[in-house]
Amino acid sequence: MRGLLPFLGSRLLRAAIALWLVSTVVFVVMRLSGDPVPLLLPPDAPRSEIFRVRAELGLDRPLPVQYAVFLGNALRGDFGRSIHFRQPAFGVVLGYLPATLELGLTAFALAIVIALPIGVISAVRRNSAVDQTAMGLALVGQSAPTFFIGILLILIVSLNLGLLPTSGRESWRHLVLPSLTLGAFAMASIARLTRSSVLEVLRADYVRTARAKGLSEALVVAKHTLKNAAVPIVTITGLQFGTLLGGAVVTETVFAWPGIGRLAIQSIYNRDYPVVQCTVFLSAVLFIVINFCIDLLYGVLDPRVRSS
Amino acid sequence: MASSIPGSAPAELAAATAAGRSRRTRALALGGGAFVLLLIVVALAAPAIAPHDPIRQSLRARLAAPTLSAADGKAHALGTDHLGRDVLSRMIFGARISLLVGFAAVVVGGLIGATLGIVAGFHGGWTDSTIMTIADAQLAFPFILLAIGIIAVLGPSFLTLIVVIGLSGWVNYARILRSQVLVLRSREFVDAIRALGGSVTRMVSRHILPNVLSSLVVIATLELARAIVLEATLSFLGLGIQPPTPSWGGMVHEGREYLDSAWWISTAPGIVLMVTSIVVSRTGDWLRDLLDPTLRGE
């Protein structure tokens, strides 16, 4: 385990810098939007009232002070009160988080469970009809816009075939289409990478040796190929998580899934800026934490990563 | 499976296959370019081609199904939407938005990326590491979240959209230019140019840009596909092009409520968008295989 501690330190530092960058961007964007006070008050509010609220929100203080206060509050999860829900923004967003996590994790699991076997089969049966169909679909999945994949699934599976519900979050049946939509991009990428990674390993000397030993093709693939093909697959799988988080905004809107992505969009329509900021910030934190964990996992799995 | 025929046959075969493949790739890339050209022509000639006014509403013709027969010869080939507007005409005008925002965002992203990449490469030190840290962070971060935050406060407008989408795509340009600058900086003739008082602008235009031109073309093509999809996505979310201006993403959004009664409103622009995205990004792949195989796998 030599070198794990410095590695951990450097990754922690990186995560902290990323967090600071995101919060600074959130602050700058917030200040760009101008004075939020008129939004909070009725249009006929007297000037004295405006000044009082400005002072209450700390908007009359110098910018550096406001920045410091903002950072301190953000660290404590204080993003102000939601204008629409009339309660602390942080609590509101937290309430919507489980639905997003449920959707994201299901999409992720589905992507892996479907894409891995497809990738392996495509590699082993290279240029077969199965391979060509699967890789054609993967290309579509990688470049088609997420929202339109969702619309097509609703149109075909829900409306034409009547198999699954179009929207909402009630049973597992409501979860199928949104998670397929959200997972489509990850699925396509993982399938393509698995295929090329397995193909690469199949060309390696030790696989030729295994074949020469007289092992059956199934054993060659199962014992000698998959394990060695795994490293790049794990890498891209980790990277896909971030894309998934961004895709949640779109998918939740298409399927009326009550998660933080849909909340963010609705809060924009409601001009509920505290909630928007809190959502962006919380997603960023979530994203940074997940990446940090994946980074650590590499460090533990593959000691070579630590020195880089 | 590799064949084990003795002699030079496999090598010749491989060379022949490679040549055939490269010819095929060239044909495909040309086809992709032709597709983009066609889109540009359609967008430019929209007022002449479109059978109807894309914005004019007609309450009597609401949600009319696609048909090729009409008394006045001006049928609604792709039906009408919930306000009685002709879907085909809106789609044709929508191509203008997609291409305009797409190309403008590519230019904005390219300018920002190229400048930052060149600055990072020439200055080195902490300027370089700051720029590259931001690049890494942005590449890893789901940019749409940030885009949503920015558009939320600035309000959706044409300019915001172009700047935000452009900002989302500067990283790849920066990387390629930075690495090219680093390569050149170590060469003696660069010192010679400096000693002779040659300006940085001249060095960039004479020695750096020609070297990265083919990479830039590849990146710009891939970025174009991404920008078109991002614009459509933001418009679909209601954060991009505002109604009644027709955009493909916005049209899919408008038709969403009528999927079971008037499927064509969403489906027609959606399919065109999907095909455009696939063709343009594949064209980028083919161009990369042709012009710059070293970019592969990024």
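Please read these numbers as outputs of a predicted model, since none were measured by experiment.
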Heavy-atom distances under 4.5 Å only: say whether B/Thr276 touches chain A with side chain, backbone, both or neither.
neither
Of B/Val279, B/Val280, B/Leu99, the one forming a side chain to side chain contact (heavy atoms under 4.5 Å, CB included) with B/Leu39 is B/Leu99
Check: B/Pro156 main-chain N/O paired with B/Thr160 side-chain donor or acceptor under 3.5 Å:
no
Heavy-atom distances under 4.5 Å only: say whether A/Val250 touches chain B with side chain, backbone, both or neither.
both
Any side-chain to backbone donor/acceptor pair from B/Ser266 onto B/Arg256? Under 3.5 Å, distance only.
yes
Scan side-chain atoms only and decide if B/Thr25 and B/Ser22 contain a donor-acceptor pair under the 3.5 Å cut-off.
no
Looking only at side chains, do A/Gln132 and A/Ser128 share a donor and an acceptor under 3.5 Å apart?
no
At a heavy-atom distance under 4.5 Å, which candidate from A/Val254, A/Ile154, A/Thr279 has the highest pair count against chain B?
A/Val254
When the 4.5 angstrom heavy-atom criterion is applied to B/Ile271 and chain A, the contacting part is both
When the 4.5 angstrom heavy-atom criterion is applied to B/Ala232 and chain A, the contacting part is both
Taking C-beta and beyond as the side chain, do B/Pro246 and B/Met91 meet within less than 4.5 Å on heavy atoms?
no
Chain B heavy atoms under 4.5 Å from A/Ile265: which part of the residue, side chain, backbone, both or neither?
side chain
Chain A contact via B/Arg282 - side chain, backbone, both or neither, heavy atoms under 4.5 Å
side chain
For chain A, the option from B/Ile134, B/Ile228, B/Asp285, B/Thr233 that forms the most heavy-atom pairs under 4.5 Å:
B/Thr233
For B/Arg226 and B/Ser281, which I'm curious about, is there any donor-acceptor pair between the side chains at under 3.5 Å?
no
Any idea which of B/Val229, B/Leu237, B/Val252 has the most non-hydrogen atom pairs under 4.5 angstrom with chain A?
B/Leu237
